[in-house]
There are 2 protein chains.
Amino acid sequence: MDVSLRQIRAFLTIVHSKSFTRAAGVLNLSQPALTVQIRNLETALGVKLLDRTKRSVEVTPVGLDLVPALERTLHELDVTLSDLREVGAGRRGTVRIAALPSFAASLLPGVILACRRANPAVSFLVRDAIAAQVSTLVASGEVDLGITGGDLAEAEFDVLHTTLDQICLVFPGSHPIGRKRRITVEDLVDLPLVLTNPGTSLRELIERALLKIGHTPTLACEVTYMMSAVAMVRAGLGLTILPTSAREIRVERGLRVRPIDDPDFLRPVVIIKKKGRTLPPATAGFLDLCIAAMRHERR
Amino acid sequence: MDVSLRQIRAFLTIVHSKSFTRAAGVLNLSQPALTVQIRNLETALGVKLLDRTKRSVEVTPVGLDLVPALERTLHELDVTLSDLREVGAGRRGTVRIAALPSFAASLLPGVILACRRANPAVSFLVRDAIAAQVSTLVASGEVDLGITGGDLAEAEFDVLHTTLDQICLVFPGSHPIGRKRRITVEDLVDLPLVLTNPGTSLRELIERALLKIGHTPTLACEVTYMMSAVAMVRAGLGLTILPTSAREIRVERGLRVRPIDDPDFLRPVVIIKKKGRTLPPATAGFLDLCIAAMRHERR
DNA sequence: ATCAGTGATAGCTTTCGACTATGGACGTCA
DNA sequence: TGACGTCCATAGTCGAAAGCTATCACTGAT
């Protein structure tokens with residue numbers, strides 16, 4: 001027969017309590033059960049581990065040598081497994097998530113805070129990246145969740161939640177366009193725009209929408225970070241177009257933000273995971289908080 | 001249910017082979033058995049460890065974190081247990097033995113050599129000590145075997161073997177006593193003797209034997225080591241009395257050795273162990289060799 | 001000498017784990 | 001596109017393992 005954990009635990013318990021009967025009590029077992037366990041263990045190992053003698057049990061020299069090693073190993077295993085149970089309950093673990101920069105800066109901080117408040121031992125790994133990278137990160141398994149634009153192609157992902165992100169025009173308070181009641185795509189034509197880099201989903205969305213009415217954007221400046229775009233606008237270099245989710249439009253004073261009233265500027269946003277992948281429990285909890293926060297945001 | 005080693009091994013095997021079916025082959029198990037093992041393991045831990053998806057099995061992030069720790073622990077355990085099996089087979093281990101100096105220097109080296117030839121990984125701990133100390137060492141468990149004089153009092157020990165050690169008179173080749181055909185206790189009276197310290201079993205034996213015929217030894221000199229005694233005799237300081245087992249009587253040239261023809265000078269020698277104690281397998285093998293060597297010696 | 005306490009043994013019962021057979025999902029290839 | 005093969009899951013059955021109760025044999029203490 002093979003050696004089992006039960007047998008090892010039985011052995012160690014007997015060594016500590018120096019008695020089959022007492023050990024049986026500790027292990028919630030009958031004394032004969034223990035006798036059999038030890039007999040089997042000794043048979044399996046081919047060594048006598050305990051000397052059953054008058055009045056009490058003594059460990060053989062061989063058994064004594066064994067005790068520290070077994071104890072160390074068993075303790076390691078127990079720690080590993082009890083940690084794991086914590087992970088299983090969602091009280092521990094690492095939430096690994098990739099998100100568009102706008103969400104990484106606006107939605108996530110609050111959600112992370114809430115999640116950490118509920119389970120202080122949970123840690124977070126946030127990768128902020130443009131849409132194309134987000135899906136790659138999810139597909140490769142480098143992160144478990146992705147928050148990205150809704151234009152993903154394949155059945156490689158499960159869509160866990162969908163919401164909409166209103167794209168807005170950002171302009172100085174003094175700009176004449178502020179007087180319009182409603183801003184449409186047509187209004188964007190010929191306006192000097194500060195846009196994010198080509199390849200970003202936002203840029204593509206804008207170009208596509210303008211192309212639809214036969215135009216291309218009038219580029220005032222091209223930047224990588226939305227923060228830069230906002231600064232440009234503030235300096236009067238032009239106007240920019242950012243999603244509502246972008247934190248940048250809220251921190252900069254003296255700028256005005258107005259939705260662009262066009263279905264093309266209501267960008268779908270999804271939370272995705274790799275298909276067939278189970279989310280770690282802590283991450284599943286985090287997801288729920290995310291969805292709740294998005295619902296709350298859209299109200 | 002509790003986590004078992006089988007389950008952990010099953011999990012790791014599946015992780016490596018990335019397939020239930022293949023892992024089942026490796027483990028000589030049916031595939032459904034593995035399915036059940038993993039299901040039980042996951043239930044016990046409250047975590048999904050494997051994602052069973054199309055065509056192949058993937059480890060969940062949580063499971064992946066777990067693999068190295070489990071592997072390390074399991075490997076440690078395997079090493080510990082396989083070492084132990086070696087010990088159990090007597091191929092490894094430490095033989096701990098206390099012996100009277102005469103035996104430690106004469107009988108033991110050969111036996112140890114033979115034992116080591118049979119099992120090269122066995123190591124030895126030899127304590128050479130006078131009779132009183134030998135029994136103490138055995139009683140305390142500091143050694144497993146003791147070779148000592150036969151005058152031990154208690155039922156605290158098991159006597160594993162008994163032999164007799166002829167006590168001899170050692171004298172210079174030129175000494176007149178060499179002309180006697182037979183040496184008796186009476187011959188010892190008034191001879192200048194080089195004796196070992198009071199408290200040694202040999203000294204007590206000699207004093208007791210002389211006292212029986214109403215005498216006390218004529219002390220030429222008192223020494224601790226038999227080697228010293230022999231050197232004194234060699235220098236003509238007196239005669240000495242040593243057991244046959246003493247190696248010293250063989251190495252010194254120009255000395256003569258004659259048995260003292262008296263039952264009092266046929267000292268019983270025993271091999272003992274603590275009662276109720278199981279000998280480690282390597283030590284049991286060593287004991288057999290000791291007994292064989294003693295039998296051979298007395299022929 | 002009796003009694004209390006220890007571990008071992010025996011007989012019975014329950015539980016666990018393994019096997020065979022089969023089902024459902026998915027990928028592949030004609 | 002449909003038949004097939006592969007993979008894991010499920011169901012039912014059976015045997016082995018492990019548990020329990022009752023009792024024994026031994027030892028040490030009263």
Side-chain angles (χ1 to χ4, degrees), chain A residues 1-45 47-60 63 154-158 274-278, chain B residues 1-45 47-60 63 154-158 274-278:
Chain A
M1 200 211 315
D2 219 24
V3 174
S4 73
L5 283 182
R6 303 182 68 81
Q7 291 169 344
I8 295 176
R9 272 186 228 280
F11 170 60
L12 292 178
T13 309
I14 293 174
V15 168
H16 283 127
S17 53
K18 296 182 192 307
S19 150
F20 277 63
T21 308
R22 276 194 296 277
V26 173
L27 295 169
N28 289 318
L29 232 67
S30 73
Q31 168 264 312
L34 265 193
T35 296
V36 174
Q37 294 259 26
I38 296 298
R39 172 155 34 95
N40 290 342
L41 180 60
E42 289 181 333
T43 307
L45 298 174
V47 190
K48 264 199 93 187
L49 295 173
L50 297 172
D51 275 327
R52 294 79 150 172
T53 169
K54 48 211 164 197
R55 245 43 214 148
S56 89
V57 180
E58 262 191 281
V59 193
T60 61
E154 327 72 16
E156 191 180 358
F157 303 108
D158 284 332
K274 199 175 173 187
K275 197 161 201 136
R277 259 287 177 85
T278 305
Chain B
M1 202 212 314
D2 219 24
V3 175
S4 73
L5 284 182
R6 304 181 68 80
Q7 291 168 343
I8 295 176
R9 272 185 229 280
F11 170 60
L12 292 178
T13 309
I14 293 173
V15 168
H16 283 127
S17 52
K18 297 181 191 310
S19 151
F20 278 64
T21 309
R22 276 194 297 279
V26 173
L27 295 168
N28 289 317
L29 231 66
S30 72
Q31 168 264 311
L34 268 192
T35 296
V36 174
Q37 295 258 26
I38 297 299
R39 174 160 27 101
N40 289 342
L41 180 60
E42 288 181 334
T43 307
L45 297 175
V47 191
K48 261 198 96 188
L49 295 173
L50 297 172
D51 275 328
R52 294 77 150 173
T53 169
K54 47 210 161 198
R55 254 24 224 160
S56 89
V57 180
E58 263 190 280
V59 193
T60 60
E154 325 74 18
E156 189 181 358
F157 303 108
D158 284 331
K274 198 175 173 188
K275 197 157 203 141
R277 260 283 177 87
T278 303

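Lettering follows sequence order; numbering is per chain, from 1.
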Length of the CZ-P vector between A/Arg39 and D/dG19, whole Å: 12 Å
Which nucleotides of nucleotides 18-23 of chain C have their base under 4.0 Å from a protein heavy atom (B), which only their sugar-phosphate (S), and which neither (-), written as one string 5' to 3'? SBBB--
Tell me the closest heavy-atom pair linking A/Gln7 and A/Asn40, and the distance in Å. NE2-CB, 3.6 Å
What bend angle does the helix from C/dA1-D/dT30 to C/dA30-D/dT1 show across its length, from five-pair end axes and to the nearest 10 degrees? 20°
Roughly, in whole Å, what's the span from CG in A/Leu5 to P in D/dA18? 13 Å
Nearest heavy-atom neighbours spanning B/Ala10 and B/Leu34: CB-CD2, 3.5 Å
Option among B/Ile8, B/Thr13, B/Val15 that satisfies the side-chain contact (heavy atoms from CB on, under 4.5 Å) test with B/Phe11: B/Val15
Between C/dT6 atom C1' and A/Glu58 atom CD, what is the distance in whole Å? 14 Å
Close N or O pairs between protein and nucleotides 13-15 of chain C (under 3.5 Å):
none

Does A/Ser17 offer a backbone N or O that forms a donor-acceptor pair with the side chain of A/Arg22 under 3.5 Å? yes
Would you mind reading off the distance between B/Asp2 atom CG and D/dA18 atom C1', rounded to a whole angstrom? 14 Å
Residue pair B/Arg52 / B/Leu50: nearest heavy atoms and the distance that separates them: NH1-O, 3.0 Å
Heavy atoms only: give me the nearest B/Val3-A/Leu5 pair and the separation to one decimal. O-CD1, 3.7 Å
What pair of heavy atoms forms the shortest contact from B/Lys274 to A/Glu58, and how long is it? NZ-OE2, 4.1 Å
Spacing between B/Leu50 atom CG and D/dC8 atom P, to the nearest angstrom: 10 Å
Using whole Å, what does the distance between atom C1' of nucleotide C/dA25 and atom CZ of B/Phe20 come to? 15 Å
Distance-only, no hydrogens or angles: does the B/Thr278 side chain make a donor-acceptor pair with backbone N or O of A/Thr60 under 3.5 Å? no
With a 4.0 Å cutoff (strictly under), does any side-chain N or O of A/Asn40 reach OP1 or OP2 of D/dA18? yes
Taking it one step at a time, do B/Leu29 and B/Arg6 satisfy side-chain contact (heavy atoms from CB on, under 4.5 Å)? CA-CA 11 Å; B/Leu29 231 66; B/Arg6 304 181 68 80; 4.3 Å; yes
Check for a donor-acceptor pair, side chain of B/Gln31 on one end and backbone N or O of B/Phe20 on the other, with a separation under 3.5 Å. no
Hey, does B/Thr35 reach any base, or is it just sugar-phosphate, or nothing, if we go heavy atoms under 4.0 Å? base
What is the distance, rounded to the nearest whole Å, between atom CG of B/Asp51 and atom C1' of D/dC7? 15 Å
In terms of heavy-atom contacts, B/Asp51 and A/Arg277 come closest through OD2-CA, 3.1 Å
Out of D/dC8, C/dT9, C/dG7, whichever nucleotide has its closest atom nearest the side chain of A/Thr21: C/dG7
Quick one: B/Ile38 CD1 to D/dT10 P, roughly how many Å, whole number? 14 Å
